Amino acid sequence: MTTSTYRVTGMTCGHCARAVTEELSALEGVSGVEVDLVAGGTSTVQVTSAAPLADEQVATALDEAGDYRLA
């Protein structure tokens, strides 16, 4: 297991956090996602997975969830 922390921009509310959690949880090997929401700022997203995720995978999942970007 590995845990990675990402800084994410664009999240403003609980709905945003749920959308990001859902998309990241759908990635292969992901067993947990925790969002520390900073509305309108840079939020912290911690992802636990079986193997490290490529930044491109995370960026694509964030884009699928909405207008969220890696900081």
Side-chain angles (χ1 to χ4, degrees):
M1 286 294 193
T2 184
T3 300
S4 301
T5 302
Y6 302 94
R7 293 169 30 96
V8 178
T9 61
M11 291 192 284
T12 58
C13 63
H15 178 269
C16 297
R18 284 189 298 280
V20 166
T21 298
E22 183 177 313
E23 287 296 329
L24 289 173
S25 294
L27 294 176
E28 186 175 340
V30 172
S31 60
V33 177
E34 292 183 36
V35 175
D36 181 15
L37 179 65
V38 177
T42 302
S43 300
T44 303
V45 179
Q46 192 172 45
V47 179
T48 303
S49 56
L53 301 173
D55 284 346
E56 296 80 26
Q57 284 180 287
V58 175
T60 299
L62 292 173
D63 187 53
E64 287 292 321
D67 192 26
Y68 315 118
R69 303 284 177 256
L70 289 174

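The first residue of the sequence shown is numbered 1, and numbering continues consecutively from there. On a predicted model such as this, the values are computed, not experimentally measured, just so you know. Atom set for the values below is all heavy atoms of this structure, side chains included, hydrogens, waters and symmetry mates excluded.
Of all non-hydrogen atoms in Val35 and Ala17, the two that sit nearest each other are CG1-CB, 3.9 Å. Scanning all heavy atoms of the two residues, the minimum distance from Arg7 to Thr42 falls at CB-CG2, 3.7 Å. Here the closest non-hydrogen pair linking Met1 and Ser31 is CE-OG, 3.6 Å. Pairing each heavy atom of Ala19 with each of Ala65, the nearest pair is O-CB, 3.6 Å. Nearest heavy-atom pair across Gly10 and Cys16 is O-SG, 4.5 Å. Contact record, Met11 with Ser43: CE-CB, 3.3 Å, taken as the closest heavy-atom pair.
Applying the side chain to side chain contact (heavy atoms under 4.5 Å, CB included) test between Val58 and each of Val30, Val8, Leu70 identifies Leu70 as the sole match. Among Thr44, Leu53, Val20, the single residue meeting the side chain to side chain contact (heavy atoms under 4.5 Å, CB included) criterion with Tyr6 is Leu53.
Residues near Val38 contribute nothing to a hydrophobic cluster around it, because no ILVMFWY side-chain heavy atom sits closer than 4.5 Å to its side chain.
Side-chain atoms of Val45 and Leu24, non-hydrogen and from C-beta on, do get closer than 4.5 Å to each other.
Heavy-atom contacts from other residues, nucleotides or ligands closer than 6.0 Å to CD of Gln46 number more than 12.
Contacts of Asp63 classified as side chain to side chain donor-acceptor pair (under 3.5 Å), with partners at least two apart in sequence or in another chain: Arg69.
Atom CD in Glu34 sits 6.5 Å away from atom OG1 in Thr48 (nearest 0.5 Å).
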